[in-house]
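FYI, the numbering just counts along the sequence from 1.
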Amino acid sequence: MFSKILVPVDGSEGSWHALECAVEMADKFAGELIICNIVQTFTDVSLLTIPLERVSLPQDTQELEKIGNRVLEFAKEKLAEHQGNVEYVLEVGNPAERIIALAKEKDCDGIVIGSRGLSGIAEFFLGSVSSKVSQYSNIPVVIVK
């Protein structure tokens, strides 16, 4: 049933709960885990509702990728005892779109995602990533609280 599970992690508590759930599912179904972090640049000013000069976010994609890689390293630490196959992927782009595309590219048959991530203000105004993924995905999506 769940032989290949995509698990987006962003460093939030919800994403770590989702990872724990996905590990249990992978163990039960002898499935493979694909852990991803999606780096979202803030060059799209439509995502921000406050003036850019008031925001101190890294604008350099390389700096954001370093942060994303640190999140993936932390996921590796959390899965140090896990015996199954695990792949780690860093992507750049719109989180919901990249999650859905990556699931298709990797031929996943399930996505396990936290209900709330680190997107803050943008999430409030534009809707959560997990809601968008569950709405537009063609495969089952488990949203973990």
Side-chain angles (χ1 to χ4, degrees), residues 1-50 52 55-61 63-82 84-145:
M1 177 176 212
F2 289 103
S3 60
K4 200 178 266 191
I5 304 167
L6 181 67
V7 188
V9 294
D10 64 2
S12 67
E13 200 62 38
S15 72
W16 299 133
H17 289 302
L19 181 60
E20 291 170 9
C21 180
V23 167
E24 289 180 26
M25 292 170 70
D27 287 345
K28 183 172 182 158
F29 296 108
E32 177 182 344
L33 294 172
I34 300 172
I35 313 300
C36 69
N37 178 270
I38 313 298
V39 173
Q40 181 177 10
T41 61
F42 293 93
T43 55
D44 182 0
V45 292
S46 67
L47 294 177
L48 299 173
T49 58
I50 54 179
L52 286 176
V55 179
S56 61
L57 299 170
Q59 298 296 314
D60 181 22
T61 302
E63 186 63 31
L64 291 169
E65 287 177 3
K66 285 180 187 176
I67 295 167
N69 280 319
R70 278 188 265 164
V71 171
L72 290 176
E73 286 298 322
F74 193 60
K76 286 179 188 177
E77 291 174 17
K78 287 184 170 285
L79 295 178
E81 303 294 319
H82 180 66
N85 291 334
V86 182
E87 179 181 352
Y88 298 90
V89 179
L90 181 70
E91 294 277 327
V92 177
N94 176 284
E97 290 173 7
R98 290 308 311 143
I99 290 166
I100 293 167
L102 187 59
K104 189 172 187 174
E105 291 165 19
K106 298 288 186 177
D107 198 29
C108 295
D109 50 17
I111 299 170
V112 178
I113 188 170
S115 63
R116 298 197 71 106
L118 296 175
S119 59
I121 296 171
E123 178 181 327
F124 178 76
F125 288 103
L126 302 174
S128 73
V129 172
S130 58
S131 294
K132 289 177 183 175
V133 169
S134 67
Q135 184 177 1
Y136 295 108
S137 176
N138 292 327
I139 60 175
V141 176
V142 177
I143 300 175
V144 179
K145 288 189 174 194

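- Contact of the Val142 side chain with the Met25 side chain is registered, since non-hydrogen atoms from C-beta on lie closer than 4.5 Å.
- Of the inter-residue distances, the one linking Leu6 atom CG with Asp109 atom CG reads 10.5 Å to the nearest 0.5 angstrom.
- Residue Lys76 places its NZ atom among more than 12 non-hydrogen atoms of other residues, nucleotides or ligands, all under 6.0 Å distant.
- Across all non-hydrogen atoms, the minimal contact from Asp10 to Val71 is C-CG1, 3.9 Å.
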What's the verdict on side chain to side chain contact (heavy atoms under 4.5 Å, CB included) for Leu33 and Val112, showing C-alpha distance, side-chain angles and the deciding distance?
-> CA-CA 10 Å; Leu33 294 172; Val112 178; over 6 Å; no
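- Checked for salt-bridge contact, Glu105 and Arg98 meet the test: a charged N lies under 4.0 Å from a carboxylate O.
- One finds the NZ atom of Lys66 at 8.5 Å from the CZ atom of Arg70 (value rounded to the nearest 0.5 Å).
- Between Gln135 and Val141 there is no side-chain heavy-atom pair separated by less than 4.5 Å.
- Taking 4.5 Å as the limit, some side-chain heavy atom of Pro8 sits within range of a side-chain heavy atom of Ile111.
- Judged by distance alone, with hydrogens and angles left aside, the side-chain atoms of Ser130 form a donor-acceptor pair with the main-chain N or O of Ser115 at under 3.5 Å.
- Between atom CD1 of residue Ile99 and atom CD1 of residue Ile113 there is a gap of 4.0 Å, rounded to the nearest 0.5 Å.
- A heavy-atom distance below 4.5 Å is not found between the side chains of Val23 and Val7.
- With rounding to the nearest 0.5 angstrom, the CD atom of Glu97 is 4.0 Å from the CG atom of Asn94.
- At a threshold of 4.5 Å between non-hydrogen side-chain atoms, the residues Lys78 and Phe74 count as touching.
- A side-chain donor-acceptor contact under 3.5 Å links Lys4 to the backbone of Lys106.
- Side-chain N or O atoms of Asn37 include none that pairs as donor or acceptor with a backbone N or O of Leu90 at under 3.5 Å.
- Nearest heavy-atom pair across Ala75 and Ile35 is CB-CG2, 4.0 Å.
- Rounding to the nearest 0.5 angstrom, the gap separating the CG atom in Asn69 from the CG atom in Leu64 is 11.0 Å.
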